[in-house]
Amino acid sequence: RKEVEQDPGPFNVPEGATVAFNCTYSNSASQSFFWYRQDCRKEPKLLMSVYSSGNEDGRFTAQLNRASQYISLLIRDSKLSDSATYLCVAYDYKLSFGAGTTVTVRA
Amino acid sequence: EAQVTQNPRYLITVTGKKLTVTCSQNMNHEYMSWYRQDPGLGLRQIYYSMNVEVTDKGDVPEGYKVSRKEKRNFPLILESPSPNQTSLYFCASSRTSGRAGNEQFFGPGTRLTVL
């Protein structure tokens, strides 16, 4: 079983829409969580950390549900530039990456 | 500019021909690692290094070697490449491997094809 599992998508949404997706993690001892963004097979880059109480960074909101072992990412007012693959990452003395969820924002 | 560089960016080779992919970072990071990325499997760690002369196996180390003789460099060596090592490879560095400071800075990737 993969340590971090994500719906690969793709999620095709129009500009301005809200899109949300989850990932689940199997290691209940995971200490911290992140979302990375990867554009078209380029290098991944940190988008945001995920805090226990949930957190926002502009149009992006991340939530953590430890009881159900999932984290979520919500993108409001989608822009064309949000088209990318979003990687969910869990940390327990090492980083475990999900395979990614692809989001395509259309004009 | 703070960055991680990798070379070559693209490589097509044949089975059994030894190759080295170089990785260098200019951020004075202690922790460096190599990942491979395959469709549907995500990023899998090959090897990592906590500091100079300290390396250890990741999740998929078979067929690979690394060394860390200097803090800034972390080359990946394939002694006898095989077609199942065809993949996209990323080098990454971070300030630490701990809970704080583990943001990964990735190189641009090396697309390797082994025929």
Side-chain angles (χ1 to χ4, degrees), chain A residues 1-10 21-52 55 57 60 62 64 66 71 73 84-103, chain B residues 1-7 9-10 21 23-25 27 29 31-50 55-61 86-113:
Chain A
R1 182 184 174 186
K2 292 179 189 174
E3 292 193 37
V4 177
E5 301 215 41
Q6 297 184 247
D7 180 345
F21 43 90
N22 297 338
C23 90
T24 58
Y25 61 95
S26 60
N27 181 2
S28 59
S30 295
Q31 302 170 36
S32 51
F33 306 89
F34 310 90
W35 285 102
Y36 278 70
R37 172 194 168 124
Q38 185 174 25
D39 293 315
C40 198
R41 303 296 268 179
K42 292 190 175 179
E43 72 270 26
K45 294 182 180 177
L46 180 65
L47 176 68
M48 60 194 299
S49 301
V50 184
Y51 301 124
S52 298
N55 50 296
D57 184 356
F60 296 83
L64 167 63
R66 282 197 183 273
I71 70 172
L73 183 66
T85 297
Y86 292 86
L87 308 179
C88 174
V89 184
Y91 171 80
D92 177 27
Y93 299 103
K94 75 179 186 78
L95 296 171
S96 296
F97 286 81
T101 296
T102 297
V103 173
Chain B
E1 179 190 355
Q3 60 182 347
V4 179
T5 57
Q6 289 178 234
N7 282 292
R9 295 288 313 279
Y10 303 91
V21 184
C23 172
S24 184
Q25 52 95 3
M27 294 170 278
H29 283 168
Y31 187 82
M32 297 185 74
S33 55
W34 277 101
Y35 294 89
R36 60 179 288 174
Q37 187 175 37
D38 301 290
L41 296 178
L43 283 161
R44 294 180 293 166
Q45 192 179 54
I46 302 170
Y47 267 94
Y48 64 93
S49 170
M50 306 275 280
T55 63
D56 211 344
K57 297 176 181 178
D59 299 317
V60 288
T86 293
S87 188
L88 178 59
Y89 291 86
F90 288 104
C91 179
S93 73
S94 60
R95 189 163 52 82
T96 74
S97 62
R99 184 173 178 176
N102 64 20
E103 176 185 353
Q104 300 292 295
F105 292 84
F106 287 88
T110 295
R111 190 171 292 280
L112 172 65
T113 302

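Quick note on labels: first sequence line is chain A, next is B, and so on, each numbered from 1.
The contact between B:L43 and chain A is made by backbone and side chain atoms together, counting heavy-atom distances below 4.5 Å. Interface residue B:N102: backbone and side-chain heavy atoms are both found under 4.5 Å from chain A. The contact between B:Y35 and chain A is made entirely by side chain atoms (from C-beta outward), counting heavy-atom distances below 4.5 Å. When heavy atoms are compared at a cutoff of 4.5 Å, A:P8 does not approach chain B at all. Within the 4.5 angstrom heavy-atom criterion, no atom of A:Q6 approaches chain B. Contact annotation for B:R111: only side-chain heavy atoms (C-beta onward) come within less than 4.5 Å of a heavy atom of chain A.
Contact tally against chain A (heavy-atom pairs below 4.5 Å) for B:D38, B:D59, B:V4: the top residue is B:D59. Residue with the most contacts toward chain A among B:P39, B:A92, B:G42: B:G42 (heavy-atom pairs, distance under 4.5 Å).
We find the NZ-CZ distance between A:K45 and B:F105 to be 10.5 Å, quoted to the nearest 0.5 Å.
For the pair B:Y48 (side chain) and A:K94 (backbone), a donor-acceptor distance under 3.5 Å is absent.
You'll find the side chain of A:Y36 reaches within 4.5 Å of the side chain of B:E103, heavy atoms only. In this structure, the side chains of B:F90 and A:E43 come closer than 4.5 Å at one or more pairs of heavy atoms. Counting only heavy atoms from C-beta outward, the side chains of A:L95 and B:Q104 approach each other to under 4.5 Å.
More than 12 heavy atoms of other shown residues, nucleotides or ligands fall within 6.0 angstrom of atom CE in A:M48.
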